Every structure is written in structure tokens, then in C-alpha cells.
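Values reported hereafter were calculated over all heavy atoms of this structure, with side chains retained and with hydrogens, waters and symmetry mates removed. Just so you know, ligand 1 is whichever comes first in the structure, and atom 1 is the first atom listed for that ligand. Keep in mind that this is a model prediction, so the values were computed, not measured.
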Amino acid sequence: MKYISTRGQSPHMSFCEVLLSGLAEDGGLYVPETYPAISTAQLDNWRQLTYPELAFEIMRLFIDDILEGDLRHLINKTYTAEVFANAEITPIRQLKDGLYILGLSNGPTLAFKDIAMQFLGNAFEYVLAKKGQVLNILGATSGDTGSAAEYAMRGKKGISVFMLSPEGKMSAFQRAQMFSLQDENIINIAIKGMFDDCQDIVKTIQADAKFKEEYSIGTVNSINWARIMAQTVYYFKAYLTITETSNQRISFTVPSGNFGDICAGHIARQMGLPIDRLIVATNENDVLDEFFSTGIYRPRASHEVAVTSSPSMDIAKASNLERFVFDLLERDATEIGALWSKVNAGKGFDLSRSLPAMRAMGFTSGKSTHRNRLETIRSVYDSDQDMIDTHTADGVFVARQQRQKNEIMVCLETALPAKFEQTMHEALGDHVKIPRPARWENIEQAPQRVEVLPNNADAVKMLMRERLL
Ligand SMILES: *Cc1c(COP(=O)(O)O)cnc(C)c1O
């Protein structure tokens, strides 16, 4: 299996090379040269598999430069009942109205990003040891990505993490989750500024080719192919759990931001998983809903991004969309290059002519508001005594609106309510206790470790020089 860039101007690479690199040299994203095809007979053979067994069968189709025994070991070490607090890893439950909820948020940081990131941590450690290399991960976070990365990389040999976050802007729980880590290789840096400032510092340092080379600086953002690949597994798992035969079709609604999660669903569908529809759910930051309803992609300026109660979906542009549009345009790398040079110039593009093709690929979309979220959280609690978080509520709201008669619909649960207590109380009242997994009780009281720095790339570089591997 070789990987190619969506812009067609970069050398082909193997899985392990793609794993450690971010963007392709030409600015594109890596995708497999072809998607492996899964027959219905093969799907039926997989029905009895456990999550790690299924993950192995799927990932081996995309990875041919890790020995099979080693890959199996990496997967078995990742997907355990201890790490994901559940033997099924991604358990499914059904609400009284028939909607299924796919539980993806039982990992260490209570959001779905753990599923891919935990694998990434183990895969990084393995590949770096083989190559005799080290990696210093530099990132910026407003919450979920940073903590998922830190909990995946903590204590790993050959890896350190420098994570920038805006001082005082994350929730108390999110701060406690990250800053209470005492591992030597995790360095939390609070910047006196906003999230965008943190991102700008990362970009400035990334652009310093000499510094980057000298210190092997890498990233773990959502454009990493291995993350998308690891996420395809739970679409298969959900399908095999719900259906009895492989001629049934099911649909998914996915709370979306950077388009990573639902891109994995698209790839599962391209591989032959009988998915009927893939519904993109956004919050007020509706750049994706606009694209899938009009064909016009209009990335927002950062000042146009609203701060919402589903903050992990507050995005100005959706980086992984490029992978989908590459397939939509029948893998025309030249056109992708032309479209994204418009995006890089701060403009958008119009693919309204491709709307029929988008529908044929299963895609539709919807959006929700703060009020929709609160009402959905309340209504699910009233009918099922079940608590869903604000992001999952975006999905459930859109799924309920769009679900057709007899359509089997699965909504992805992308975080647990414990992460967003304040909005949960706003929806359910102060008297309702928001459940917290035992390991997070009193986390706010644990000692915290964080370096506070001015909004300045040189200050960050200076600290990095002291602590780099
Ligand atoms: C990251 C995140 C999302 C958005 O996922 P994408 O892959 O960026 O589309 C949704 N919900 C939660 C809780 C997240 O952390």
C-alpha cells in the first residue's frame, strides 16, 4: 500500500513514513493510492471479531511496513478494557425513539479523539525505536486534541509533547486534565493570549526549517492519516453490531469540525461498508453545512468563528475536507491544487455542480444552535434518563430532523457530559448531578504543572531548547 498526496506533487510514501509526517511536501494530504475493497462475505466473516481483532483486519489492509505480529501487538496493547473502561471499546446503545448512540468517549480523556490517538502513541513509539529517531511534538489546543495527545504520549520513549493553550480559556476540568500530568515528557505551556495566538506560534516555529530539522519537531493534528485510518474501525464495528446480515444498510450522523471523524466514515463506505447516508452535523459554525447544502465552500476568517457550547466544533475551515473533495472530483489532483490555492488565498470555491455526486456518495448535512442543543439534552434525559454531551446533542438534533422512516441511524457520541458540566447544568438544572468517571473525581484538586509564557514564539523556543529530546 502506497500513499499519494491529494495535490499530486509529492513522492509516494509508505505507511510509516506518512505516520511521522504531517502535510505532504506539496501542501496536500496523504491518502491511500486505492481503498481496499471489502466484500459482504468478508464482512460476515468479521461478525464475531472483538474490537482489536477487527482493528487488526482493517489496519493490515492499509499498513504493509509493520510486521503483522508487531501490528497485532500494538493494537492489542491499545484497545483494552483498562484504557477504554469498557470491554467492547465502542459500545452501542439505543434510545427509545430508535436512534443508536455509538459510545466513542470512554477513553482516558472522555472524547472520541482517544480512539485514534492512543493507537498513534503506541505506533509512534514503535516506529521511532525502529528508526532510532526521536520526535518532539509541538501543538496548540483549545481543549480536546491537546489532552488526547498528552494522554496518548505520556511516558512514551523517544517522544516529548509541547502543548500550547490559551491561559485561562479552557474549562477548569480541561485544565486539570492536562496540567495534572506529571510525566517528564509532557510540557504544558499556557500562553498569555487566545487560541489563535497559540496556533500562530506553532506555525511560526514550524516555518523555521532549521529549528525544525535540528530538533525533529512534529505534530499530531487531525490531518494525520493514521488517525483517520484508526477511526474507520468503529464504523465497521457499529455496522457489525447492529445488523444481522450484510445486505442491510445503515446511516451515521457525525458531529463535525475538522471533518476527520466523518471522513473515516466516507472511507469505510468507499471500502464497501453498506452505509446509506453520512450526515454532517455542525453547530453555529456552519461552514460544512453550507458546503454540503449549497456546494459552496467558504472558509471563515478567525474573527468570524463563534464561541459556542460545543467548542470542539468551533472551526473556521475543515482541513480534512480536502480528502473528501479529492474523491468527489475523481481524484483530480490538479483541480485540488487549484481549489486549495484559492483557500490559501483566503477565498472559497463553488462545487455546486457536484451536489448530485455528493448525494450519491451519501452526504447530507444539518446544523444546530445553542438552544437546539439544550433542548435535545433535556429531551434525551427526559425520555431515556440518558445524558449526552453538547457535541453529541448537535448530532442527535440533526439525526432526529433528518432520519427517514425505517432508516437505521447511528449518532456518534464524541464526548462525555463530564467535560462540559456548565452547559449540562444549564440544560438540566443545577440539581442534576453530571456523572464523572471515578478516575476524574476531584481532578481539579490535583497539583498542576504548567509554564506560563508571553505571546511570543521566541519565548516558546527558548523553553523548548531547554527541554527538547
Ligand atoms: C474534535 C471533536 C469533534 C469534531 O471532530 P472532527 O474530526 O474535527 O470533525 C466533535 N466533537 C468533539 C467532542 C471533538 O473533540
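Considering only non-hydrogen protein atoms, atom 14 (C) of ligand 1 sits nearest to Lys113 NZ, 2.8 Å. For atom 8 (O) of ligand 1, the closest non-hydrogen atom of the protein is Asn258 N, 2.7 Å. Closest to atom 11 (N) of ligand 1 among all protein heavy atoms lies Thr414 OG1, 2.9 Å. At the shortest separation from atom 4 (C) of ligand 1 among protein heavy atoms lies Gly257 N, 3.5 Å. Closest to atom 7 (O) of ligand 1 among all protein heavy atoms lies Asp261 N, 2.9 Å. Protein heavy atom nearest atom 5 (O) of ligand 1, with residue, atom name and distance: Phe112 CZ, 3.5 Å.
Classified by interplanar angle (parallel below 30°, tilted 30° to 60°, perpendicular above 60°), the ring pair Phe119/Tyr79 is parallel. A tilted orientation is assigned to the rings of Phe292 and Phe324, their planes being inclined by 30° to 60°.
Between His391 and ligand 1, no N or O atom pair is found at a separation short of 3.5 Å. Checked by distance only, ligand 1 and Met313 stay at 3.5 Å or farther apart across all their nitrogen or oxygen atoms. The shortest N or O to N or O distance between Phe259 and ligand 1 is below 3.5 Å.
Of the candidates Trp225, Tyr30, Phe15, Phe62 forms a ring-ring contact (aromatic ring centres under 6.0 Å, His included) with just one, namely Trp225.
Near Ala415, the atoms of ligand 1 lying under 4.0 angstrom from a non-hydrogen atom of the residue are 13 (C). Here is the list of ligand 1 atoms found below 4.0 Å of a heavy atom in Gly260: 6 (P), 7 (O), 9 (O).
For Lys419 against Thr109, the heavy-atom pair with the smallest separation is NZ-O, 2.8 Å.
Between Ile434 atom CD1 and Phe420 atom CZ the span is 12.5 Å, to the nearest 0.5 Å.
Figure legend: Arg331 and Tyr35 shown as a cation-pi pair, the cationic atom lying under 6.0 angstrom from the six-membered ring centre and within 45 degrees of its axis.
Remark: the Asn285 side chain and the Asp314 side chain contain an N/O donor-acceptor pair separated by less than 3.5 Å. Using modelled atom types and a 3.5 Å distance limit, the side chains of Ser341 and Asn344 yield no donor-acceptor pair.
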